[in-house]
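Proteins come first, then strands; the chains are lettered A, B, ... in the order of their sequence lines, and each starts at number 1.
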Amino acid sequence: MLELTGLKKNYGEITALDGVSLRVGEGEKVALLGPNGAGKSTLLSIALGLLTPDAGAARLLGRPPREALAAGRVGVLLQDAGLPDDVRVGDLVAAVAGMYPTPSILADPELEALAGRRVMGLSGGQRQLVRFALALAGDPALLILDEPTVGLDVDARRSLWRQVRDRTVVFATHYLAEADDHADRVVLLAGGRVVADGPVGEMKALVGGTEVRLTLDTMDEPRLRSLPGVHDVLVEGASATLRTGDSDATLRALFAGFGDARNVRTSEADLESVFVSLTGKGA
Amino acid sequence: MRSFLRFEVRRALSNPVNLVFLAGFPVLLYLLWTKVLDLASGPVSMVSMATYGAMGGALFIGGAIALERSSGWLRQLAVTPLPAHGYIVSKLAGGMLAVLPSVVIVLAAGALLGGVRLPAATWLALPLLIWAGVVPFAALGVAFGYSLKGQSATIAMMVAYFVLAVLGGLWLPVSRMPGGLRTLAEYSPAYQAGSLGWRALDGLAPTGTSVLVLAAWAALFVLLGGWRYRSAAWR
């Protein structure tokens, strides 16, 4: 559906993309995650043919991006797309839908309520909903969304993700929770490179699926490190945090070997901690 | 493409700002010249002002393009199946259609408020001649629209609009200009656009010179617009 090979892009001195390759197959839901300036928007712009890479190539649905867009099988929500102010929402959505071979108008009660209003008076969230309706106006086989839920309230977000459910989607976000909930694959960009790419579960396993926190009277870091399943240990005074890929085995051995282990708590590693451990900074 | 064309035509025709700007202002000027200041003859001033309004309408198609380029709407359109030429064709069609009602309104003001009396055939020919005469300005507007963005395009076009209109004798007849300036004025596009209507007042067809000079300006502006458009398309 989407194929990027060896993309490089510089803006003057700044390297936005430094050799990015990415392949997205049919039915995948891919979250493009990364801090601001990681190259997410540059990557999407190149994938859509809006920007020419310095090196590398992009293909959409097996053809050059501009051709794929002209064929009308790709729906796109851009972060910085303006809307004409003086027109009614209903007319705008209908006009754009009419450009596609398979016009489709988003059945959303909030959008329907806006149909007679002019774009001028809409709130940021309402505009985003209109942009989303434009992205879906051609009943696309592939959806490309850049920060799709910015400005949307909880209901609108839920409705957006419901619409997205049965399609191939590539979306850029800086909300980790969104990638966690709605993607089955996460591509992590940092400094213009793909630093990690895999299923959400695998990404979590990268840093250990589970965190075990405990307090010990006599700290013994090497022994903690040798517990089964553990691949990382963080000690702060009397408390330790273990990252483990097999929490059951770790806990059994912990209780058998450390009589003084207290306050033992476990928690599931979320993408936030994956993110921090891979890029060294928070999102 | 067809749905977008319909959308742009409806949009252009239902925009009240257009009518105020393209018809209201020229009507006021017409009344000022002929009724208040008594500087110009009724029919000639009526044609001048209708041409002036129409010229603005054609030119400011480019202003709308400049605004939409800077608002990012063109980026959104670039990811739809609409071909690049579909946007500009729709914009030109909508904008040029919106010029017609404004011309009719200024002419109606001449007839109803100014007491201008002309043969029926002249009344029918005038809007078409004036409309055709301002076509080159649409191409010039496109050149502006793809050279500058947002507000700076509007300001540059206001200046070009005013200079070309004054030079073309739409505000005051070129016969009152000094000799050298007058020659220059007579080869300017606005003068030749106006002369189509002025001659029609006397029942005369456009001269070969008019048609030739207008065609030359049109060709130049189309080349200019096409060049600017290709270097900026979708950005």
K.L.:
List the atom of B/V79, the atom of A/L48, and the distance in Å for their closest heavy-atom pair.
P.N.:
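Closest approach of B/V79 to A/L48, heavy atoms only: CG1-CD1, 4.2 Å.
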K.L.:
Go through the atoms of A/D86 and report whether side chain, backbone, both or neither lie under 4.5 Å from a heavy atom of chain B.
P.N.:
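For A/D86, the contact with chain B is made by the side chain alone.
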K.L.:
Check whether more than 12 heavy atoms from other residues, nucleotides or ligands sit under 6.0 Å from atom CZ of A/R118, and answer yes or no.
P.N.:
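Correct, the count exceeds 12.
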K.L.:
What are the two closest heavy atoms between A/G72 and B/P81, and how far apart are they?
P.N.:
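Answer, listing the atom of A/G72 first, then B/P81: CA-CG, 3.6 Å.
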K.L.:
A/V96 versus B/F7: any side-chain heavy-atom pair under 4.5 Å?
P.N.:
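SC-SC contact between A/V96 and B/F7 ruled out.
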K.L.:
Is there a side-chain contact between B/R10 and A/V87 in this structure, where contact means two heavy atoms from C-beta onward sitting under 4.5 Å apart?
P.N.:
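Contact flag for B/R10/A/V87 side chains = no.
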K.L.:
Working to the nearest 0.5 Å, report the span between CZ of B/R11 and CG of A/L92.
P.N.:
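Between B/R11 CZ and A/L92 CG, I get 8.5 Å after rounding to 0.5 Å.
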K.L.:
Heavy-atom pairs under 4.5 Å with chain B - which of A/L78, A/I144, A/V74, A/L77 has more of them than the others?
P.N.:
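Result: the option with the highest number of such pairs is A/L78.
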K.L.:
What distance do B/L77 atom CG and A/L134 atom CG have between them, rounded to the nearest 0.5 Å?
P.N.:
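Separation between the atoms: 9.0 Å.
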K.L.:
Might you confirm whether atom CZ of A/R23 has over 12 heavy atoms from other residues, nucleotides or ligands at distances under 6.0 Å?
P.N.:
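At most 12 heavy atoms, drawn from other residues, nucleotides or ligands, come within 6.0 Å of this atom.
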K.L.:
If you look at every heavy atom in A/L50 and B/A78, which pair is closest and at what distance?
P.N.:
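In terms of heavy atoms, the two residues are closest at CD2-CB, 3.7 Å.
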K.L.:
Write down the atom of B/W73, the atom of A/P84, and the distance for their closest heavy-atom approach.
P.N.:
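In this case the closest contact between B/W73 and A/P84 is CD2-CD, 3.3 Å.
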